[in-house]
*Asks:* 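Here it is, the structure in full.
A note on names: the letters A, B, ... follow the listed sequences, proteins ahead of strands, and every chain is numbered from 1.
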Amino acid sequence: MKPFFIYNTLSRSVEKFLPQHPPEVSLYSCGPTVYLPQHLGNLRAYLCWDFLRRALEYNGYTVRHVINVTDVGHMTSDQDAGEDKIEKTAREQHKSPLEVADFYLKLFQDDLAAIHVEPPLVWCRATEHIDAMIELIERIIAAGMAYVTPSGVYFDVEKYRGENRAGRLSRQSLDEQNAAQRLEHSADKKSPHDFALWVLAQPHHLMQWDSPWGRGYPGWHIECSAMSMKYLGETIDIHTGGMDHIPIHHENEIAQSESATHHPFVRYFVHNAFLTGKEGAKISKSAGKFPLLSDVIAMGIDPLAFRIFCMGAKYRSELALSDDGLRAAQSNLDYFREFARSIPAGAVSNSSDAEFSCEYRERFLDALNNDLNTPQALAVALELVAEAYRRGDYNIWNTLGAFDRVLGLGLAETQTAAANSAIPVEIQALIDARTAARKSRDFKRADQLRADLEARGYEVKDNRDGTTVYQLRHA
RNA sequence: GGCGGCGUACCCAAGUGGUUAAGGGAGAGGUCUGCAAAACCUCCAUGCAUCGGUUCGAAUCCGAUCGCCGCCUCCA
């Protein structure tokens with residue numbers, strides 16, 4: 001078994017991956033706040049983690065994947081009071097917070113399904129884990145690392161800093177962070193760096209729960225700590241998230257978690273770089289306009305082409321969204337599918353692949369295990385198919401099938417659909433008529449019949465050996 | 001101001017010390033074909049922002065310069 005290497009933000013270096021309890025791997029991904037549709041940049045993040053998960057599974061690991069859903073406590077940064085994002089949308093749309101969260105979570109899950117992101121073992125929602133959060137906050141208070149005030153329970157960052165543990169992820173000392181602005185509406189905080197574990201005295205907040213400190217709601221960071229511990233244990237193998245979460249969210253998660261448990265919270269922190277907009281600008285929800293999967297589909301691009309598009313760049317590199325890039329990915333998708341549809345039945349049932357495929361298997365695994373080098377893995381898969389065509393030896397179906405466990409393009413389904421698609425009688429009649437027309441060299445009529453067939457969704461191709469193949473489009 | 005990242009062909013993008021700088025898309029030519037499609041073949045960066053340096057050897061390490069971007073406030 002070849003070792004898997006991954007970049008760990010904690011050490012700022014590529015490390016050999018060693019889970020605590022092989023072959024099991026605990027994987028926690030910071031999930032979205034469900035108050036708006038998730039844009040393509042969000043989707044890229046979950047594609048990155050899907051590639052990670054599938055690569056680990058390809059290596060024989062069993063992955064326990066948990067994704068959280070933030071449906072309370074995530075504040076806007078409006079200077080004034082700051083409003084809960086979910087509640088803000090609820091007000092604007094005249095819905096309840098629960099309706100808003102349900103609606104956008106469903107939308108998100110539908111998008112993930114369209115790009116073949118495997119569902120996690122657990123989707124966990126903040127509002128359904130209030131008890132776990134309260135318990136954890138109690139542990140933090142008991143450890144002397146948090147204090148209760150009339151406006152809320154705050155984590156004592158100064159005290160934590162005394163233990164010389166702050167800033168490990170971001171490599172920034174607290175003094176370097178310009179936190180002056182943050183004091184304004186939280187005079188109870190001992191230090192501007194302190195962050196809320198539990199918020200009190202916000203009567204206008206729609207979502208409130210009883211707690212030992214009074215009615216209120218949880219701070220944003222505590223949910224990830226509480227839920228990852230609940231489902232994956234107090235030390236998890238891999239925690240993923242966007243680069244933007246390194247300096248605040250993940251620092252705080254580490255601080256509060258380790259204060260409570262006194263042992264490491266996460267072994268490998270893995271962060272993805274952003275998808276950038278068409279002008280090289282960052283895509284962000286707060287900026288207002290952002291591209292969605294539905295925009296891609298409206299361009300005539302298959303959602304799975306977006307999957308390939310994202311596979312074409314490393315998770316740690318920024319990726320520039322572009323129409324050309326999406327179309328290039330669509331070409332790749334068509335190429336794989338065309339191979340799957342036209343592969344001879346014998347090559348599908350053959351259990352032993354051509355010898356030349358061995359080298360590709362090795363290169364594919366090496367690419368994945370080298371810090372999840374998906375662009376290289378994709379290149380290997382494309383080259384494998386090209387070589388099969390070149391040699392006229394299509395006995396690579398097992399290898400390609402193995403690759404597709406990571407590529408996630410559903411090529412087996414494409415093949416099955418093409419093989420099982422029955423040609424209706426009236427279509428067969430048109431085909432026969434065209435064949436006859438070609439034989440009598442009435443090409444005008446043959447071309448007319450081809451156009452008819454294409455209008456009905458059938459693609460007509462004349463192969464080298466003179467036969468003609470007909471297949472459903474977009475199988 | 002502080003922290004961090006990036007700059008590889010027309011476009012996207014691998015490669016981070018050592019043979020001819022992956023792969024895809026676009027483009028050009030060709031094979032096949034009645035035509036087309038598909039597929040395959042050939043061509044497409046003596047050069048990796050610029051200038052220095054280290055080295056037997058650098059896109060890859062170091063320094064400077066220019067340009068772009070992110071974070072430090074909600075964001076994957």
*Asks:* For atom C1', what is the distance between B:rU33 and B:rA37, given to the nearest Å?
*Replies:*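 Rounded to whole Å, the distance is 10 Å.
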
*Asks:* Could you tell me how far B:rA45 sits from B:rG27 if I compare only their C1' atoms? Round to whole Å.
*Replies:*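 Here B:rG27 and B:rA45 have their C1' atoms 15 Å from each other.
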
*Asks:* Should A:Ser29 be listed as having a side-chain N or O under 4.0 Å from OP1 or OP2 of B:rA76?
*Replies:*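 No, because none of the side-chain N or O atoms of A:Ser29 sits under 4.0 Å from OP1 or OP2 of B:rA76.
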
*Asks:* Name the nucleic acid region contacted by A:Asn332, choosing base, sugar-phosphate or nothing; use a 4.0 angstrom heavy-atom cut-off, strictly under.
*Replies:*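 Sugar-phosphate, no base atom in range.
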
*Asks:* Base, sugar-phosphate, or nothing for A:Gly325, non-hydrogen atoms under 4.0 angstrom?
*Replies:*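 Result for A:Gly325 = nothing.
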
*Asks:* Find which nucleotide of RNA chain B each of A:Leu378 and A:Arg316 is nearest to by heavy atoms, and output the residue with the more 5' nucleotide.
*Replies:*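 The answer here is A:Arg316.
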
*Asks:* Could you work out the separation of B:rU65 and B:rU73 based on their P atoms and round it to a whole Å?
*Replies:*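 Those two atoms are separated by 28 Å.
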
*Asks:* Do we see a donor-acceptor contact under 3.5 Å between the side chains of A:Asp237 and A:Tyr28?
*Replies:*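 Their side chains do not contain a donor-acceptor pair, so the 3.5 Å distance test is not met.
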
*Asks:* Without decimals, in angstroms, what is the distance between A:Arg450 CZ and B:rU33 C1'?
*Replies:*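 Result: 10 Å.
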
*Asks:* Does A:His239 have its ring centroid less than 6.0 Å away from the ring centroid of A:His250?
*Replies:*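 Ring centroids of A:His239 and A:His250 are less than 6.0 Å from each other.
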
*Asks:* Could you give the distance separating B:rC12 and B:rA26 at their C1' atoms, to the nearest angstrom?
*Replies:*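 These two C1' atoms come out 11 Å apart once rounded.
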
*Asks:* Taking only side-chain N and O atoms of A:Asn373, does any of them lie within less than 4.0 angstrom of OP1 or OP2 on B:rG15?
*Replies:*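 For B:rG15, OP1 or OP2 has a side-chain N or O of A:Asn373 closer than 4.0 Å.
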
*Asks:* Determine, for A:Tyr7 and A:Arg316, whether the Lys NZ or Arg CZ falls below 6.0 Å from the six-membered ring centre while staying within 45 degrees of the axis.
*Replies:*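 So A:Arg316 does make the cation-pi contact.
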
*Asks:* Could you tell me the Watson-Crick or G-U partner of B:rA14, where both distances fall under 3.5 Å? Say none if there is no partner.
*Replies:*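 Answer to the pairing question: none, since B:rA14 forms no Watson-Crick or G-U pair.
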
*Asks:* Partner lookup for B:rA38, please. Criteria are Watson-Crick or G-U wobble with both distances under 3.5 angstrom; report none if nothing qualifies.
*Replies:*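 B:rA38 is paired with nothing.
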
*Asks:* Identify whether any heavy atom of A:Leu43 sits under 4.0 Å from a base atom; if not, whether one sits that close to sugar-phosphate; answer base, sugar-phosphate or nothing.
*Replies:*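 No contact at all - A:Leu43 keeps every heavy atom at 4.0 Å or more from the nucleic acid.
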
*Asks:* Is A:Glu383 touching bases, backbone alone, or none of the nucleic acid, heavy atoms closer than 4.0 Å?
*Replies:*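 Since only primed, P, OP1 and OP2 atoms lie under 4.0 Å of A:Glu383, the category is sugar-phosphate.
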
*Asks:* Give A:Gly41 one of three labels, base, sugar-phosphate or nothing, depending on what nucleic acid heavy atoms sit under 4.0 Å from its own.
*Replies:*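 Contact class for A:Gly41: base.
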
*Asks:* Separation of A:His271 atom NE2 from B:rG4 atom P, in whole Å?
*Replies:*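 Interatomic distance, NE2 of A:His271 to P of B:rG4: 16 Å.
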
*Asks:* It should be established whether A:Arg390 places a side-chain nitrogen or oxygen under 4.0 Å from OP1 or OP2 of nucleotide B:rC41.
*Replies:*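 Answer yes for this pair, as a side-chain N or O of A:Arg390 is under 4.0 Å from OP1 or OP2.
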
*Asks:* Expressed in angstrom and rounded to an integer, what is the separation of A:Ile86 atom CD1 from B:rC74 atom C1'?
*Replies:*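 That distance rounds to 13 Å.
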
*Asks:* Is A:Tyr389 near enough to B:rC32 that one of its side-chain N or O atoms lies under 4.0 angstrom from OP1 or OP2?
*Replies:*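 No, outside the criterion.
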
*Asks:* How close or far is atom C1' of B:rU73 from atom CG of A:Asn252, stated in whole angstroms?
*Replies:*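 Taking atom C1' of B:rU73 as the reference, CG of A:Asn252 is at 13 Å.
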
*Asks:* So does A:Lys444 get a side-chain nitrogen or oxygen closer than 4.0 Å to the phosphate oxygens (OP1/OP2) of B:rC35?
*Replies:*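 Negative; the distance criterion is not met.
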
